Amino acid sequence: MYLLMTLIAKQFANVYAAVHSIHIKTVPEADLKELDAIGELFCKGTKRPLAVGSVMSNIGYTEAASGTSAITKVLLAYHSGQIAANLYYETPHNQLQAIREDQIQIVVENKPFSQTYVAVNNHSLGGLNCHALLHGYNKKKDLTKYKTNIPRLVNISGRIESNVKKILDSLKSRPMDAEEIGLLHNIHSQDIRGHLARGYTVLDENEEGHTVSLADGCEFYPDIRRPVWFVYSGMGSQWAGMGAQLMRIPIFARAIEKCHKILEPKGVDLIKILVEPDKAIYDNILNSFVGIAAVQIGLTDVLRELNVVPDNIIGHSVGELGCGYADGCFTAEEMILSAYSRGLISVKTPFIKGAMAAVGLGYKDIVNLCPPEIEVACHNSLESSTISGPVHEMRAFVEELSTKGIFAKEVPCSNIAYHSRYIAKAGPGLRHYLSEVIKDPKPRSQKWVSTSVPQDRWDEPEAKYSSAEYHTNNLLSPVLFEETSRLIPDNAVVIEIAPHGLLQAILKRSLGPNCVHIPLTRRGHSDPVTFLLENIGKLYQAGLTPELRVLYPTIEFPVSAGTPMLSHLVEWMHTEKWPIPNYLEAQYEKAGRRTIILSVHDEEYQYISGNVKDGAIMFSEAGALVLVWETLAMMSNTKMHELSVRFSDVYFDSEVIVTDDEVLILDLTIQKASGRFEITHKENTVVRGYIQKLKRKLFNTVGLMMEPEGKHRNSIMKQRIRAVFGLVEIVLRCTLTMNDFQGLMMQLEAMFGLVDILVEYTLTMIGFQGLITELEVWKLHRQTLKVNRGQNPFQGHSNKPKYG
Ligand SMILES: CC(C)(COP(=O)(O)OP(=O)(O)OC[C@H]1O[C@@H](n2cnc3c(N)ncnc32)[C@H](O)[C@@H]1OP(=O)(O)O)[C@@H](O)C(=O)NCCC(=O)NCCSC(=O)CC(=O)O
């Protein structure tokens, strides 16, 4: 059996044939026949000799990869402009007429090779087939078209951390290639299953033109999908120059320019508000409102384009406008004009001179401490709230708290005591302004959890729409962030969207220990773009898969020649030994003990995840029996499907819960002489009993146990488990039917004094999966059922089977 590989150039521009024997030793007779056939087919009547070479002479025999090897040889030839010479060819075979007559020429030196069509055709009786038509594509590298103003963020995943670090180090060590990074962006815009390490790097060029990493990270990734929460903060997050650097990000800049145009007719210069470093800009509260809203729109657009989608959205005070935008209730125009309305009413309404302050006490602790003039405006967390009131009383109270060692910090609010009775008269005016902006209020989706309406009123009509009324109520009512943020689950990824991660100090104290809270910005940061990119990298580490390509000029694929190869960056984990028996070959270990490591992420053991009880994945009893059966086959140096077995005295002592993020380690022992077996998990016995080889085959050749060789192991395992499960189920169903005869059984028990053995069954399984099998004896003990189900089935009254 041998493999013929021909590379045929159209119009004989690249006339080349490569003969590749699949044997390590070539078979001269076979090669002769091949060359003869090639001579017959390609050389008759042609003047130019046909060049023939062997891929195997260059790289050895690559078995199933022979076709890919041939493609690689052609690609290298396209790339270098030369086809590699055939090695170790010394004496021409003069038996061959085509060689003798110079119609076939063995390529003994590298030969010029053009970019034209090449057909790679490779087939063998063994099933190694490859057919491909290739054409050279020598795209010249021109990286100038991919210039960008921002550093390049690259996310990388791998099976192990060392692999991810290796790739990151490699990227840092050489000049950046936008096309290579484009390829990496595409690869990592999707989850790669089994990649349990994730990292990122933010790359830039220093003044000398060397690549430098501005930030990076790499950590174990448990491959768990976390719920994503967007958090929009409010007043206090503004700072001078907060949008200046972010304008380098095209998506952000587009959003700001759009908002700028919307506000221009109103005499508001949004770009100036965001870009100029003048602190006095924010003395005007209107500028704070539109500035915060615009940055939130810009950042939300960035996340949207990155395909970062929230499962839930929560806002703090005016941050609920951002919720409206993220939830699709507002267009950018509606959001920026709503913020403008809030600012306008704030500057137009004559309020008392007020102040706000964040304090380090929760609502319940501070409410009774506050002087009567001061209100709790925002319930932030169990140990944080914001108070609001007249400026003199506020200053005195803040001082008092500070003297007592209680954290208290003024929140910049342009002397307006928001969320207190002192601004009640702004209500009608704001409602009026907003109703002109929000002409067609959209229903709020389930994602958006309100902080301005108490949870027990979320179903009321006023709470259902992102309307003028809703947002007016938001201004006047206390902020219930503490109450609503309790809904954030402990494993959430919480992304704060604002000009400054204002709520980080609060979230850090209130969220569960497994929550990841990530701000996109930080007040006064020297490099806000790098800060943002770094945090997008952290989102990737937390399990999100942002599509980074949207941040950079679009890469034209295919990438040009000379783009660094990626394949060599992949590294395998060789440190761990996996005791996986080779199922299809008869090379079995003889062992009485086996440690089995299973994970639902292994294709081989995916079937485990199908056995769900009460919402938890349980390692099935049938699966355990199959492992015992398989191990006995290994010990007996035989194949499982050739070995019929009998299980007896089987006790299922404990159930094993399988989790997504943990490998399951089972210890299995079988005593060779007695057949006594036991599977343990974390020092608990899972199942024990006896297994015995049967000389006769229980299952005949049609089907159930006799799948053809070469099938995927997973499907073989699944079928076996289904079979064993079927057996176990039948036995148990019979056992449980006894429930119906509870009285009788109890009598029997009394009469015959049966203590241990409750049921001894001889089952004739007729029609089981369409097969007629032979008689089998099963014994099931009371303890089996009692321990397994946590109750004695004979005391139950239900006639429903409790098993399975
Ligand atoms: C608590 C904050 C002042 C922290 O803000 P910043 O991040 O700017 O503060 P910072 O960086 O200067 O300081 C952070 C430090 O604050 C301290 N800190 C914060 N909260 C604390 C607490 N509960 N107990 C003890 N210390 C605390 C910690 O030392 C922390 O450091 P470390 O981080 O190391 O722990 C802020 O979250 C805040 O202003 N929250 C209130 C927001 C608010 O109510 N805005 C008004 C909405 S009205 C509005 O929007 C108007 C409208 O609705 O129209």
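Because the structure is a prediction, the values reported are computed rather than measured. Any value given below was found using the heavy atoms of this structure, including those in side chains, with hydrogens, waters and symmetry copies removed. Read the numbers this way: they start at 1 and go in the same order the structure lists the ligands and their atoms. Counting begins at 1 with the first residue of the sequence.
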From atom 11 (O) of ligand 1, is the closest protein heavy-atom distance below 4.0 Å?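 No.
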Protein heavy atom under 4.0 Å of atom 15 (C) of ligand 1: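 So atom 15 (C) of ligand 1 lacks protein heavy-atom neighbours under 4.0 Å.
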Considering only non-hydrogen protein atoms, determine which one is nearest to [atom] and report residue, atom name and distance to 0.1 Å.
{"atom": "atom 4 (C) of ligand 1", "answer": "Leu502 O, 4.0 Å"}
{"atom": "atom 30 (C) of ligand 1", "answer": "Ala505 CB, 4.1 Å"}
{"atom": "atom 52 (C) of ligand 1", "answer": "Arg342 NH2, 3.3 Å"}
{"atom": "atom 31 (O) of ligand 1", "answer": "Arg509 NH2, 4.7 Å"}
{"atom": "atom 23 (N) of ligand 1", "answer": "Glu383 O, 2.9 Å"}
{"atom": "atom 7 (O) of ligand 1", "answer": "His500 NE2, 3.3 Å"}
{"atom": "atom 40 (N) of ligand 1", "answer": "Ile506 CD1, 3.8 Å"}
{"atom": "atom 17 (C) of ligand 1", "answer": "Phe407 CE1, 3.3 Å"}

Side-chain donor/acceptor of [X] to backbone N/O of [Y], under 3.5 Å:
{"X": "His188", "Y": "Ser157", "answer": "yes"}
{"X": "Glu469", "Y": "Arg431", "answer": "no"}
{"X": "Ser388", "Y": "Ala377", "answer": "no"}
{"X": "Asp269", "Y": "Lys272", "answer": "yes"}
{"X": "Thr521", "Y": "His500", "answer": "yes"}

Whether the [X] and [Y] side chains hold a donor-acceptor pair (N or O, under 3.5 Å, no angle test) is what I'd like checked.
{"X": "Tyr433", "Y": "Ser338", "answer": "no"}
{"X": "Asn474", "Y": "Arg342", "answer": "yes"}
{"X": "Thr211", "Y": "Glu205", "answer": "no"}
{"X": "Ser510", "Y": "Glu482", "answer": "no"}

[X] heavy atoms, cut-off 4.0 Å: which ligand 1 atoms fall inside?
{"X": "Val411", "answer": "39 (O), 45 (N), 46 (C)"}
{"X": "Lys409", "answer": "3 (C), 8 (O), 9 (O), 10 (P), 12 (O)"}
{"X": "Arg523", "answer": "8 (O)"}
{"X": "Phe289", "answer": "54 (O)"}
{"X": "Leu475", "answer": "54 (O)"}
{"X": "Thr386", "answer": "41 (C), 43 (C), 44 (O)"}
{"X": "Gly360", "answer": "22 (C), 23 (N), 24 (N)"}
{"X": "Cys378", "answer": "44 (O)"}

Any chance you could lay out the salt bridge (charged side-chain N to carboxylate O under 4.0 Å, His left out) test for Lys442 and Asp327, step after step, and finish with the verdict? CA-CA 10 Å; Lys442 307 282 182 314; Asp327 199 31; over 6 Å; no
Please verify the inter-ring angle class for His185 with Tyr552; under 30° counts as parallel, over 60° as perpendicular, anything in between as tilted.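 Judged by the thresholds at 30° and 60°, the geometry between His185 and Tyr552 is parallel.
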Between ligand 1 and Met235, is the shortest N or O to N or O distance under 3.5 Å?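 Between Met235 and ligand 1, an N or O pair is found under 3.5 Å apart.
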Is there a nitrogen or oxygen of Ser317 sitting under 3.5 Å from a nitrogen or oxygen of ligand 1?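 Checking ligand 1 against Ser317, an N or O pair does fall under 3.5 Å apart.
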Mind checking whether Lys508 contacts ligand 1 via backbone (N, CA, C, O), side chain (CB onward), both or neither, at a 4.0 Å heavy-atom cut-off?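 Answer for Lys508: side chain.
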Applying a 4.0 Å heavy-atom criterion (strictly less than), which segment of Val479 is in contact with ligand 1: side chain, backbone, both, or neither?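 Val479 to ligand 1: no contact under 4.0 Å from either part.
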Between the candidates His419, Gln504, His471, which shows the shortest non-hydrogen contact distance to atom 53 (O) of ligand 1?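 Minimum heavy-atom distance to atom 53 (O) of ligand 1 goes to His419.
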Would you say Met356 contacts ligand 1, with heavy atoms under 4.0 Å as the rule?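 Yes, Met356 has a heavy atom closer than 4.0 Å to ligand 1.
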Phe531 six-ring centre to Arg522 NZ/CZ under 6.0 Å and within 45° of normal: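 Geometry flag: not set, cation outside 6.0 Å or 45°.
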When you measure from the centre of the six-membered ring of Phe481, is the NZ or CZ of Arg486 under 6.0 Å away and within 45° of the axis?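 No, Arg486 and Phe481 do not form such a contact.
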Could you walk me through whether Glu534 and Lys538 pass the salt bridge (charged side-chain N to carboxylate O under 4.0 Å, His left out) test, one step at a time? CA-CA 6 Å; Glu534 181 181 357; Lys538 285 182 184 164; 3.7 Å; yes
